[in-house]
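Here the structure is laid out as structure tokens; the discussion comes afterwards.
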Amino acid sequence: MDLSGKVVLVTGAQQGIGRAIAMHCAAAGADVAVNWLDDERAASDIAGEIRATGHRALAVRADMGRLPEVEAMVATAEEGLGPIDVLVNNAGVFPRVPFLELGESDWDFVLDVNLKGTCFCAQAVAKRMVAAGRPGAIINLTSGAAYRGSPRGAHYCASKGGVVSLTRQMALELAPYRIRVNAIAPGLTDTAQPRYGSSEAEIAAMAQAIPLGRIAQPDDIARTAVFLASDDAGFTTGQILHVNGGGYLG
């Protein structure tokens with residue numbers, strides 16, 4: 001799969017899945033804008049690694065829950081690297097809270113980043129694509145939790161279910177402009193996120209229940225993102241690709 005000559009913006013790229021997606025896009029030939037929020041050094045290191053491969057890279061800070069920062073991030077990425085061809089909406093948060101203890105501030109924080117940020121970042125990029133008459137690809141990160149639920153995650157599951165519906169609606173509205181919109185729904189993945197609410201023993205038990213016998217690695221998700229970003233997926237839009245080793249077969 002070839003992304004030569006493309007500019008990719010990856011949100012939430014300072015670690016985990018986002019980092020893997022940024023690196024795989026660069027390996028496929030893209031220049032990459034790396035969004036970060038609270039770890040400038042990690043984002044700078046990723047950008048440096050990408051530049052070492054001979055591709056351009058830019059680290060851009062933005063809080064995805066604050067729309068003025070999202071708009072500024074998109075503008076900065078395009079000023080630094082040129083028109084964005086691919087957006088990967090990866091930024092997300094999942095602070096565990098039991099449903100009976102869920103507060104309005106918990107709900108607003110998660111929905112602002114996971115759903116509102118995804119929507120308006122995609123809108124900002126799509127407006128620029130449409131104005132320039134350029135095709136493009138938008139890839140949203142949802143979650144298997146949107147389909148099967150997750151302990152202490154009512155706000156998270158609601159936000160990721162919203163991303164599923166948003167992806168399909170965006171695909172319909174943006175298709176006339178040759179902008180493809182798809183989503184990836186990772187299953188349990190070997191990152192820091194599941195460790196905020198689960199012990200290693202619990203994660204190992206969950207892995208045993210997955211038909212392919214292991215949890216996903218960030219590279220598994222990243223390879224799917226590169227496919228969706230590439231011309232190999234040129235007739236694929238409005239789809240949710242589950243990358244979960246068979247853990248969810250709905």
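These figures come from a predicted structure and were not determined experimentally.
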Discussion item. With rounding to the nearest 0.5 angstrom, report the OH to CZ distance, Tyr248 to Arg148.
Written reply: 10.0 Å
Discussion item. As a quick check of understanding, evaluate salt bridge (charged side-chain N to carboxylate O under 4.0 Å, His left out) for Arg56 and Asp31, giving each step before the final call.
Written reply: CA-CA 5 Å; Arg56 297 181 300 156; Asp31 298 323; 3.0 Å; yes
Worksheet item: Within a radius of less than 6.0 Å around OH of Tyr177, do more than 12 heavy atoms belonging to other residues, nucleotides or ligands occur?
Response: no
Worksheet item: Taking side chain as C-beta onward, heavy atoms only, is Pro83 less than 4.5 Å from Val7?
Response: no
Discussion item. Using 0.5 Å steps for rounding, measure from the CZ atom of Arg96 to the OG atom of Ser150.
Written reply: 6.0 Å
Practice prompt. Please say whether more than 12 non-hydrogen atoms of neighbouring residues, nucleotides or ligands are located less than 6.0 Å from CZ in Arg223.
Written response: yes
Worksheet item: Does His155 use its side chain to pair, donor to acceptor, with the backbone of Pro95 at less than 3.5 Å?
Response: yes
Practice prompt. Any chance you could pull the hydrophobic cluster mates of Leu141, using side-chain heavy atoms under 4.5 angstrom and chaining through other members?
Written response: Met1, Leu3, Val8, Val10, Ile17, Ile21, Met23, Val32, Val34, Ile46, Ile50, Val86, Val88, Ile139, Ile184, Ile221, Val226, Phe227, Leu228, Leu241, Val243
Worksheet entry | Transitive ILVMFWY cluster of Leu67, excluding itself - 4.5 Å side-chain cut-off | Phe120
Worksheet item: Which atom names give the shortest non-hydrogen contact between Trp107 and Ala158, and what distance separates them?
Response: CH2-CB, 3.7 Å
Discussion item. I need the Met170 CE to Ile179 CD1 distance, nearest 0.5 Å.
Written reply: 8.5 Å
Item to complete: To the nearest 0.5 Å, tell me how far Met129 CE sits from Leu174 CG.
Response: 9.0 Å
Worksheet entry | Asp220 vs Arg214 side-chain heavy atoms within contact, under 4.5 Å | yes
Discussion item. Check whether Thr11 reaches the backbone of Asn90 with its side chain - one donor and one acceptor, N or O, closer than 3.5 Å.
Written reply: yes
Discussion item. With side-chain hydrogen bond (donor to acceptor under 3.5 Å, both in side chains) as the test, pick out the partner of Gln14 among Asp38, Asp39, Asn35.
Written reply: Asp38
Worksheet item: Between atom OG of Ser4 and atom CG of Asp231, what is the distance when rounded to the nearest 0.5 Å?
Response: 10.5 Å
Worksheet item: For Gln239, does its backbone N or O pair with a side-chain atom of Asn182 as donor and acceptor, under 3.5 Å?
Response: yes
Discussion item. Is it the case that the side chain of Ser165 and the backbone of Gly162 share a donor-acceptor pair, with hydrogens and angles ignored and the cut-off at 3.5 Å?
Written reply: no
Item to complete: Provide the closest heavy-atom pair for Ala146 versus Thr142 in the form atom of the first, atom of the second, distance.
Response: CB-OG1, 4.0 Å
Worksheet item: Quick one: does Val70's side chain get under 4.5 Å of Met64's, heavy atoms only?
Response: yes
Item to complete: Answer with yes or no whether the side chains of Thr167 and Asn140 bring together a donor and an acceptor at under 3.5 Å.
Response: yes
Worksheet entry | Any Phe94 side-chain heavy atom under 4.5 Å of Asn114 side chain | no
Worksheet item: Hey, are the side chains of Ile240 and Arg168 touching, using non-hydrogen atoms and a 4.5 Å cut-off?
Response: yes
Worksheet item: Would you say Arg178's side chain and Gly133's backbone share a donor-acceptor pair under 3.5 angstrom?
Response: yes
Discussion item. Checking the side chain of Arg180 only, and the main-chain atoms of Thr237 only, is there a donor and an acceptor separated by less than 3.5 Å?
Written reply: no
Discussion item. Which heavy atom of Gly144 sits nearest to which heavy atom of Ala185, and what is that distance?
Written reply: N-CB, 4.1 Å
Response to the item:
Interatomic distance, CG@Leu58 vs CE@Met73, rounded to 0.5 Å, equals 11.0 Å
Worksheet item: Which pair of non-hydrogen atoms, one from Ala77 and one from Ile84, has the smallest distance, and what is that distance?
Response: CB-CD1, 4.2 Å
Worksheet item: Would you call His55 and Cys25 a side-chain contact if the rule is heavy atoms closer than 4.5 Å?
Response: no
Worksheet item: Do the side chain of Arg61 and the main chain of Leu37 share a donor and acceptor less than 3.5 angstrom apart?
Response: yes
Worksheet entry | Closest approach of Val74 to Leu9 (non-hydrogen atoms, all atoms of both residues) | CG2-CD2, 4.2 Å
Worksheet item: When you measure from the side chain of Glu71 to the backbone N and O of Ala124, does any donor-acceptor pair fall under 3.5 Å?
Response: no
Worksheet item: Between Arg152 and Glu101, is the closest basic N to carboxylate O distance under 4.0 Å?
Response: no
Fill in: Single-linkage hydrophobic cluster, 4.5 Å side-chain cutoff, Val164 and Tyr156 together
no
Fill in: Shortest non-hydrogen contact between Ala47 and Ala57, atoms and distance
O-CB, 3.5 Å
